[in-house]
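One structure below.
Start at 1 and go down the list; that is how both ligands and their atoms are numbered. We're numbering straight along the sequence, starting at 1.
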Amino acid sequence: MTEKTPSDIIRSNKARSVAFHTLGCKLNFAETSTLKRHFSGRDFSIVPFEQKADVYVINTCSVTMDANRDCRKVVRRAQRQNPEAFIAVTGCYAQLEPDEIAAIEGVDLVVGARDKFDIFSLAGNFEKPDRTIIHRTDVNEAFDFHHAFSANDRTRAFLKVQDGCDYKCSFCTIPLARGKSRSPSVDEIVANARNVIDDGYREIVLTGVNVGDFGSHNGETFLDLLMQLDRLRGLERIRISSIEPNLLSDDIISFAAQSNTVQPHFHIPLQSGSDEILQKMKRRYRTDLYRRRVETIRNVMPHACIGVDVITGHPGESDAHFRTTMDFLKSLPVGYLHVFTYSERPNTTALGMSHHVSPKIRKERTHKLRRISEQKRFDFDSSHLGTIRPVLFEQELEDGRILGWTDNYIRVSMPHDPALVNEIVLCQLDDREPNKAVRGSIAASELSHKASITPRITIQQPVS
Ligand code: SF4
């Protein structure tokens, strides 16, 4: 049999369809988008995951036990849709548990996190093999950085600026799945951002595993990156997806406060409000530092929204520790919480700790914190009613109304008008129902000097 040349392979890919499913974080979504571009550049047509496809690619996460279960469900769904389809599974779960995934019926290729951008060469011509192919290399040898960005529509782009992590938090498998911290140069990210802006995006969300660690291995800093992006002509909004409290320096906060582009929105992982549990978790700060960060932000940007990650039920978390966490969170002037329930993960130090919390109590604690989060969100949004804020509208609709985000991360809805899509509009925030977006209207100050019903604001641009 004659061997197929690359052009044979590309020719036979024509008219094939591929569908993608992503589990987990924004970084995974950014990387799936880049994979999609790889496939469409090779004449595959991209179809929604709910449709029958020739190839299914599943980009997994392993942060929680649920993520593993979710992955198994998604593989089965793909198989139901087309039992003949070639199914490739990649991402963190594939890196950590390749044999577990290979054992799921229908999976043809398992590719570890480090090699996800090599799916094309590893899959041959996407013919179903007799036995599942497993390809996984040691993440400790992952020194390369793959650029990636994703977008929900043509409004906000999630730009990958960093990968991996050098920390050793007790509960976390990410360093095991993604390897050491690494990032490209400021210049490379600025060039990528330039392309994203030229494609029409108004907002860039800086994404990574430990974004604040950007540049730590090449003598640059995350602040250097922010300062260069801030000067980029045409970039109207920069949002930081999440940043560790020990890396969110006062200099970054003051720069954000005076920048026209860095949005007044910080997502800062806390994980526990008890210093004893933070120590067990091997986190690199204590609650006093966390509180100081929040207060500094509030002092210079009283309107900023602050989001908090928190984990319930880490081993050793007693009722008293949990009460301390609840009290700490209640006392913080923050806008919302992202609450995660601790789950046992292989090869983590938390797994070997004593005093594991029962799943029932973990769930109850999660429920309590989610109630606090709802109240915080309601209070934050309500405190801005009657004020005017710039809103970037997206294509998404809810009950026939168009949705957008303010600079300080309030979800706003307006009567649908297609001309609003991808526009930044000054809106008055009128009212809010629980668990709904705030209802907005075009600000009177805008209407008074613009004839159009879709006025735009001009964001001041520094000269670059
Ligand atoms: S900082 Fe901690 S929780 Fe975050 S990715 Fe690194 S090890 Fe995991």
For this session: Taking the six-membered ring of Y201 (Phe, Tyr or Trp), confirm whether the NZ or CZ of R156 is under 6.0 Å from its centre and within 45° of its axis.
Result: no
Problem set entry | Protein contact to atom 4 (Fe) of ligand 1 [nearest heavy atom, distance to 0.1 Å] | E244 OE2, 4.1 Å
Problem set entry | Under 4.0 Å to a heavy atom of R283 - the qualifying atoms of ligand 1, by number | 1 (S), 2 (Fe), 3 (S)
Problem set entry | Contacts of type side-chain hydrogen bond (donor to acceptor under 3.5 Å, both in side chains), residue Q162, not counting sequence neighbours | S181
For this session: May I ask you to check whether F340 and F171 place their ring centres under 6.0 Å from each other?
Result: no
Problem set entry | Partner residues of D108 under the salt bridge (Lys or Arg N to Asp or Glu O under 4.0 Å) criterion, sequence neighbours left out | K128
Problem set entry | Contacts of E244 that satisfy side-chain hydrogen bond (donor to acceptor under 3.5 Å, both in side chains) - sequence neighbours left out | R283
Exercise. What's within reach of atom 8 (Fe) of ligand 1, meaning protein N/O/S atoms under 2.8 Å?
Worked result: C172 SG
Problem set entry | Test of ring centre spacing under 6.0 Å for F20 and F29 | no
Problem set entry | Presence of salt bridge, E317 and R365, under 4.0 angstrom | yes
